[in-house]
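Keep in mind that what you see is a predicted model, and the values were worked out from it rather than measured. We name chains A, B, ... by the order of the sequence lines, and we start the count at 1 in each one. Reckoned from all heavy atoms, side chains included, excluding hydrogens, waters and symmetry mates.
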Number of protein chains: 2
Amino acid sequence: MNKLNSFTKQARMLKTLAHESRLMIVDRLSHGECSVGGLRKLVGSDLSTVSKHLALLRAHGIVEDRREGTTVYYRLRTPCVCDFFTCATKVLKDRSRRE
Amino acid sequence: MNKLNSFTKQARMLKTLAHESRLMIVDRLSHGECSVGGLRKLVGSDLSTVSKHLALLRAHGIVEDRREGTTVYYRLRTPCVCDFFTCATKVLKDRSRRE
DNA sequence: TTCCTTATTGGCCAATATGCCATGTATAAG
DNA sequence: CTTATACATGGCATATTGGCCAATAAGGAA
């Protein structure tokens, strides 16, 4: 059923990660689960904005959540997305060496 | 002078790559340089559209160009961006296994 | 029940991205 | 010179994204 080619799927995933706040969230979650409020303090945006970022990450299978009372905790669902950080850092370093 | 934090820079690079046509272009260039016209056939968009994608990739240091007569050839400037494909494929596979 | 805390969703608007067409530029050929 | 080829760029319309506020939902406590 999923007839989307590889480039389309890769582009969607990259788009999902291609935002400063969402990168901060993923990086934070790579160290362990965190509540929405906790992530809000981290990124500094409105709670509703953070919640929407999380909804997007969840819709794309990057994170999953767990409710405990009124608090919702998020965690990474695909831990290897962190490889993007290694990858991105490497590219950025490589690029700065050439400038 | 570049006071941008790491997340901002990473987000910019991901945004630059987060487009189906640009991914196709980078993938094609990973096999060797190619003219704008050649890339146009590959992605199927208007030549001006492809040219703008290339301008964006160039502005972000992903590709560089070389003119030969009236033809302009593009090539990857930071070959390790291809690691993103490995990375993305890995994540996508990992995700599909969990669904 | 009502109140409070925490998070999600809807609405709205500003900012950005995308893509096409038309125009401009650079090089080569005649 | 003119013409043709191959790209690049400006402009404009549309689509998407991002973020805030307000409203809503879901739990826990009194």
Side-chain angles (χ1 to χ4, degrees), chain A residues 4-5 7-26 28-29 32-77, chain B residues 4-5 7-26 28-29 32-77:
Chain A
L4 296 173
N5 74 53
F7 293 120
T8 306
K9 286 194 275 185
Q10 288 185 18
R12 285 188 180 184
M13 187 173 50
L14 289 175
K15 253 184 256 185
T16 306
L17 293 172
H19 189 285
E20 185 177 5
S21 300
R22 294 194 289 272
L23 285 178
M24 292 175 71
I25 290 172
V26 170
R28 171 65 185 78
L29 295 183
E33 67 173 19
C34 187
S35 67
V36 182
L39 294 170
R40 179 195 168 284
K41 287 181 193 166
L42 179 70
V43 306
S45 306
D46 191 87
L47 186 67
S48 67
T49 301
V50 176
S51 184
K52 283 183 180 175
H53 283 310
L54 288 167
L56 187 67
L57 290 169
R58 179 158 28 81
H60 286 81
I62 309 289
V63 301
E64 54 192 354
D65 63 299
R66 168 179 78 82
R67 176 177 281 271
E68 195 174 302
T70 62
T71 306
V72 177
Y73 292 95
Y74 278 84
R75 62 177 175 277
L76 288 188
R77 187 180 179 189
Chain B
L4 297 174
N5 74 53
F7 293 120
T8 305
K9 286 193 275 185
Q10 288 185 17
R12 286 189 179 183
M13 187 172 49
L14 289 175
K15 253 184 258 185
T16 305
L17 294 172
H19 189 286
E20 185 177 4
S21 300
R22 293 195 290 272
L23 285 178
M24 291 176 72
I25 290 172
V26 170
R28 170 65 185 79
L29 295 183
E33 68 174 17
C34 186
S35 68
V36 181
L39 294 170
R40 180 195 167 284
K41 287 182 194 166
L42 179 71
V43 307
S45 308
D46 191 88
L47 186 68
S48 67
T49 301
V50 175
S51 186
K52 282 184 181 175
H53 282 310
L54 288 166
L56 188 66
L57 290 169
R58 179 159 29 81
H60 285 82
I62 309 290
V63 301
E64 54 192 355
D65 63 299
R66 169 179 77 83
R67 175 178 281 271
E68 194 174 304
T70 62
T71 306
V72 178
Y73 293 94
Y74 279 84
R75 61 177 174 278
L76 288 187
R77 188 180 178 187

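Put simply, the side chain of B:Val72 reaches to within 4.5 Å of the side chain of B:Arg67, judged on heavy atoms. Residues A:Glu20 and B:Asn5 meet the side-chain proximity criterion, which asks for heavy atoms closer than 4.5 Å. Under the 4.5 Å side-chain criterion, counting only non-hydrogen atoms from C-beta, A:Leu29 is in contact with A:Cys34.
One can place CZ of B:Arg66 at 16 Å from C1' of C:dA26, the figure rounded to the nearest angstrom. Across the protein-nucleic acid pair, B:Leu56 atom CG and C:dT16 atom C1' stand 12 Å apart, rounded to whole Å. Whole-Å rounding puts the A:Lys41 NZ to C:dA7 P distance at 10 Å. As a whole-Å value, the separation of A:Asp65 CG from C:dT8 P is 7 Å. Atom CG in B:Leu47 sits roughly 13 Å away from atom C1' in C:dC21 (whole-Å rounding). Going from atom CZ of A:Arg12 over to atom C1' of C:dA17 covers 17 Å, rounded to whole Å. Rounded to whole Å, the distance from CG on B:Leu14 to P on C:dA17 is 14 Å. One atom, CZ of A:Arg67, and another, C1' of C:dT6, lie 7 Å apart when rounded to the nearest Å.
Minimum interatomic distance between A:Arg58 and A:Asp65 (heavy atoms only, all atoms of both residues): CD-OD1, 3.3 Å. Minimum interatomic distance between A:Ser35 and A:Thr71 (heavy atoms only, all atoms of both residues): CB-CG2, 3.6 Å. Of all heavy-atom pairs between B:Thr16 and B:Arg22, the closest is O-NE, 2.6 Å. Minimum interatomic distance between B:Ser45 and B:Ser21 (heavy atoms only, all atoms of both residues): OG-OG, 4.4 Å.
Both A:Lys52 and A:Lys15 sit near DNA chain D, but only A:Lys15 has its closest nucleotide nearer the 5' end. Summary of the strand contacts: B:Gly69 and A:Tyr74 both lie near DNA chain C, and taking for each the nucleotide with the nearest heavy atom, the more 5' one is attributed to A:Tyr74.
Read 5' to 3', the first and last nucleotides of DNA chain D with an atom closer than 4.0 Å to a heavy atom of chain B are D:dT5 to D:dG11.
Across C:dT18, C:dT6, C:dC20, the shortest atom-to-atom separation from the side chain of A:Thr71 is found for C:dT6.
Using a 4.0 Å heavy-atom distance criterion, A:Arg22 is classed as a sugar-phosphate-only contact. Residue A:Thr49 is in base contact, counting any heavy-atom pair closer than 4.0 Å across all strands shown. Counting any heavy atom pair closer than 4.0 Å across all strands shown, A:Ser48 reaches a base atom.
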